[in-house]
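Read through the structure below, which is laid out as structure tokens, and then see the notes.
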Amino acid sequence: MPSARETLSGSIVPVVVLDDAALAPDLVAALAQGGIDTVELTLRTPAGLEAIRSVADSSSFIGAGTVLTVRQVEEIADAGAAFVVSPGFDEEVVQRALELGLTVLPGIATPTELQRALKAGLEDVKLFPADRLGGLDMIKALAGPFPNVGFMPSGGVSTANARDYLAHPAVFAISGSWMVQRDLLARGDFDEIARLSAEAVALVSGAGE
């Protein structure tokens with residue numbers, strides 16, 4: 001099974017909260033138009049699961065976010081998601097995702113949680129909430145004792161810091177929502193989503209070189 005670093009390397013992963021699953025195909029198309037082909041559709045609303053199901057066969061890499069339980073892992077696997085993202089570390093969630101062949105990225109906030117993730121067989125994690133934990137400084141601190149771990153910061157990632165994050169060798173992807181804000185989705189402004197996506201891709205282009 002490919003690791004998160006292998007499948008998401010260099011990616012901008014939009015964190016999407018959808019209130020209407022019918023918007024998912026147009027959203028994924030708008031992101032792809034802007035150059036983003038990886039999407040995290042969260043389970044924060046009842047529309048999340050159906051949204052995943054509706055775009056699972058698209059050419060984009062579709063993941064499920066805010067996955068909190070083993071049952072949700074099984075549901076999103078049935079819906080066709082390719083990767084799982086959680087806000088925290090739950091060993092049962094991680095193990096079930098691995099059993100089902102899904103790439104899994106649990107959230108961690110401490111060295112202790114990171115060691116638990118490593119013990120569970122992972123090499124890559126989400127740092128969440130990154131901005132509240134010190135952002136890039138926290139990643140630099142963790143990368144010392146954990147030199148082989150890959151991080152995807154999430155929480156407070158924006159145009160102001162996205163390039164700096166991706167320039168660090170321990171950061172393999174960034175997670176953010178500024179190009180898919182809920183108000184843009186509510187009014188169906190897919191042109192603006194495509195524009196913001198293209199702007200984000202241009203911003204981070206070559207950040208790790």
Which pair of non-hydrogen atoms, one from Ser3 and one from Thr103, has the smallest distance, and what is that distance?
-> C-CG2, 4.1 Å

Hey, any chance Leu122 and Val85 share a hydrophobic cluster, counting ILVMFWY side chains that come within less than 4.5 Å of each other, even indirectly?
-> no

So how far is it from Thr110 OG1 to Phe89 CZ, rounded to the nearest 0.5 Å?
-> 10.5 Å

Interatomic spacing from CZ in Phe190 to CG in Asp26 - rounded to 0.5 Å | 4.5 Å

Leu8 vs Phe61 side-chain heavy atoms within contact, under 4.5 Å = yes

Quick one: does Ser205's side chain have a donor or acceptor within less than 3.5 Å of a partner on Val201's backbone?
-> no

I would like to know whether Val84 and Gln72 meet side chain to side chain contact (heavy atoms under 4.5 Å, CB included); could you show each step before the answer?
-> CA-CA 10 Å; Val84 175; Gln72 287 179 326; over 6 Å; no

Do you reckon Trp178 sits in the same ILVMFWY cluster as Leu23, going by side-chain contacts under 4.5 Å, direct or chained?
-> yes

Heavy atoms of Lys126 and Pro87 approach each other most closely as NZ-CA, 3.8 Å

Salt-bridge contact Arg71-Glu74 (side-chain N to carboxylate O under 4.0 Å) | no

Give every donor-acceptor pair under 3.5 Å between a side-chain atom in residues 35-47 and any protein atom, sequence neighbours left out.
residue : atom : partner : partner atom : Å
Thr42   : OG1  : Val16   : O            : 3.0
Arg44   : NE   : Thr66   : OG1          : 3.1
Thr45   : OG1  : Leu18   : O            : 2.3
Thr45   : OG1  : Ala47   : N            : 3.3

List the steps and the verdict of side chain to side chain contact (heavy atoms under 4.5 Å, CB included) for Ile12 and Met179.
-> CA-CA 10 Å; Ile12 301 169; Met179 75 293 293; 3.8 Å; yes

Does Asn161 reach the main-chain N or O of Ser158 with its side chain, forming a donor-acceptor pair under 3.5 Å?
-> yes

List the steps and the verdict of salt bridge (Lys or Arg N to Asp or Glu O under 4.0 Å) for Glu192 and Arg195.
-> CA-CA 5 Å; Glu192 180 65 3; Arg195 186 192 72 78; 2.8 Å; yes

Got Phe128 and Leu105 here, is their nearest side-chain heavy-atom distance under 4.5 Å?
-> no

Just wondering, are more than 12 heavy atoms of other shown residues or ligands nearer than 6.0 Å to CD in Glu92?
-> no

Give a yes or no on whether a salt bridge exists between Arg187 and Asp183, defined as a side-chain N under 4.0 angstrom from a carboxylate O.
-> yes

Going by heavy atoms in the side chains, are Leu136 and Lys140 under 4.5 Å from each other?
-> yes

Nearest heavy-atom approach of Leu68 to Asp90 is O-OD2, 4.2 Å

Taking the side chain as every heavy atom from C-beta outward, state whether Leu127 and Val171 have any atom pair closer than 4.5 Å.
-> no

Distance col, row Asp19:CG vs Leu185:CG, nearest 0.5 angstrom, shows 8.5 Å

Do Arg53 side-chain atoms and Ala79 backbone N/O form a donor-acceptor pair below 3.5 Å?
-> no

CD of Gln33: more than 12 outside heavy atoms within 6.0 angstrom?
-> no

Single-linkage hydrophobic cluster Tyr165~Ile108, side-chain heavy atoms < 4.5 angstrom | yes

Keeping to residues at least two apart or across chains, list the salt bridge (charged side-chain N to carboxylate O under 4.0 Å, His left out) pairs with something in residues 169-178.
-> none

Is any side-chain heavy atom of Glu6 closer than 4.5 Å to a side-chain heavy atom of Phe172?
-> no

All salt bridge (charged side-chain N to carboxylate O under 4.0 Å, His left out) counterparts of Arg5, not counting sequence neighbours | Asp124

Close side-chain approach of Val104 to Val73, heavy-atom, < 4.5 Å | no

Point-to-point distance, once rounded to the nearest 0.5 Å, from CG of Leu133 to CD1 of Ile139 = 9.5 Å

Test log, rule side chain to side chain contact (heavy atoms under 4.5 Å, CB included), inputs Phe83 and Leu102 = CA-CA 5 Å; Phe83 66 97; Leu102 300 172; 6.0 Å; no

Would you say Ser54's side chain and Ala51's backbone share a donor-acceptor pair under 3.5 angstrom?
-> yes

Are the side chain of Gln95 and the backbone N or O of Glu91 linked by a donor-acceptor pair below 3.5 Å?
-> no

Do Met152 and Val204 belong to the same hydrophobic cluster, where Ile, Leu, Val, Met, Phe, Trp and Tyr are linked whenever their side-chain heavy atoms lie under 4.5 Å apart, directly or via other members?
-> no

Are Val93 and Ile52 connected, step by step, through hydrophobic side chains (Ile, Leu, Val, Met, Phe, Trp, Tyr) whose heavy atoms are closer than 4.5 Å?
-> yes

Closest non-hydrogen atoms of Ala162 and Leu203, given as atom of the first, atom of the second and distance, are CB-CD2, 4.3 Å

Check the pair Leu196, Leu184 against side chain to side chain contact (heavy atoms under 4.5 Å, CB included), reporting the backbone distance first and the verdict last.
-> CA-CA 11 Å; Leu196 289 171; Leu184 293 177; 3.7 Å; yes

Is Glu99 close to Arg96 at the side-chain level, that is, under 4.5 Å between some pair of heavy atoms?
-> yes

Report yes if the side chains of Glu123 and Asn148 come closer than 4.5 Å at any heavy-atom pair, otherwise no.
-> no

